[in-house]
Amino acid sequence: MEFALVVPILCLALLGIINGWSFVSSSLSMRAGVKTAANLVMQGSANDAAIQAVALSSWENRPGDAQVTLGRTYMCGSVVADPTTLCNGLKIPSVFVEIQATATWSPPYSFGVFSLSREISHQQVIRVR
């Protein structure tokens, strides 16, 4: 009798653990893809399309709506600058590359509050110079 009462609770706990593990592993895989792209930027790559492709290809088991975007910001101190102009003192502006990955995680088992899909994202900013 006690076993019949405990088994449904244990099954729900197991499904919750599986869903939690799926969420964490998806987030870690996405972060690994962004880190790979950041390493490529730090090695001197300036081809944004290739960096995006590398980030997506190194993102294991990515969802179908996975996206990686890159943006470059040029700064003179704390002021956003044009990349073609020099800063005060004839210095070239600092370059920051922002890598943003987003996707929608769906749980492998849907039940109760664990049936909702969630958006996951990770952002990394690299100062190139």
Side-chain angles (χ1 to χ4, degrees):
M1 181 71 166
E2 292 92 14
F3 186 70
L5 294 174
V6 173
V7 167
I9 295 170
L10 291 176
C11 288
L12 285 175
L14 178 64
L15 293 176
I17 290 170
I18 292 171
N19 281 351
W21 180 257
S22 171
F23 180 79
V24 169
S25 66
S26 293
S27 295
L28 290 175
S29 178
M30 176 181 57
R31 288 174 182 254
V34 170
K35 185 177 179 180
T36 302
N39 287 336
L40 193 59
V41 168
M42 288 188 290
Q43 291 174 359
S45 178
N47 185 347
D48 289 353
I51 294 169
Q52 287 174 329
V54 165
L56 286 171
S57 67
S58 62
W59 182 349
E60 296 179 2
N61 301 321
R62 67 180 181 270
D65 67 340
Q67 292 182 349
V68 175
T69 58
L70 268 78
R72 294 182 186 271
T73 306
Y74 300 87
M75 304 286 289
C76 288
S78 61
V79 178
V80 177
D82 187 81
T84 60
T85 61
L86 295 176
C87 301
N88 292 341
L90 299 177
K91 295 181 182 177
I92 57 175
S94 299
V95 180
F96 294 89
V97 177
E98 177 184 335
I99 304 169
Q100 175 79 34
T102 58
T104 303
W105 170 80
S106 298
Y109 300 103
S110 299
F111 63 94
V113 295
F114 299 109
S115 62
L116 300 174
S117 296
R118 300 190 191 323
E119 184 174 314
I120 55 176
S121 65
H122 183 66
Q123 174 186 9
Q124 190 162 354
V125 178
I126 302 103
R127 181 177 178 188
V128 178
R129 67 165 190 234

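Computed from heavy atoms alone, side chains included, the values below leave out hydrogens, waters and symmetry copies. For this chain, numbers begin at 1 and follow the sequence in order.
Side-chain heavy atoms closer than 4.5 Å link hydrophobic residues (I, L, V, M, F, W, Y) into clusters, and following such links, even through other members, never connects Val24 to Ile120. Leu12 and Ile18 end up in the same hydrophobic cluster when Ile, Leu, Val, Met, Phe, Trp and Tyr side chains are linked at under 4.5 Å. Cluster membership check: Val128 shares its hydrophobic cluster with Tyr74, using side-chain heavy-atom separations under 4.5 Å among Ile, Leu, Val, Met, Phe, Trp and Tyr.
The nearest pair of heavy atoms linking Pro93 to Asp82 is CG-O, 4.1 Å. Here the shortest heavy-atom pairing between Arg127 and Ser94 reads NH2-OG, 3.0 Å.
Looking only at side-chain heavy atoms (C-beta outward), Val68 and Ile99 come within less than 4.5 Å of each other.
Shown here is Glu60, whose CD atom has no more than 12 heavy atoms of other residues, nucleotides or ligands within 6.0 Å. Open room surrounds CD on Gln67; 12 or fewer heavy atoms of other groups in view lie less than 6.0 Å from it. Shown here is Asp65, whose CG atom has more than 12 heavy atoms of other residues, nucleotides or ligands within 6.0 Å. A 6.0 Å sphere centred on CG of Asn88 holds no more than 12 heavy atoms belonging to other residues, nucleotides or ligands.
Val125 shares a hydrophobic cluster with Met75, Val80, Phe96; the chain of contacts runs through ILVMFWY side chains whose heavy atoms sit under 4.5 Å apart. Residue Leu86 belongs to a hydrophobic cluster whose other members are Leu90, Ile92, with links defined by side-chain heavy atoms closer than 4.5 Å.
Between Trp105 and the options Ser117, Ser22, Ser25, a side chain to side chain donor-acceptor pair (under 3.5 Å) holds for only Ser22.
The backbone N or O of Phe23 lies less than 3.5 Å from a partner atom in the side chain of Ser27, making a donor-acceptor pair.
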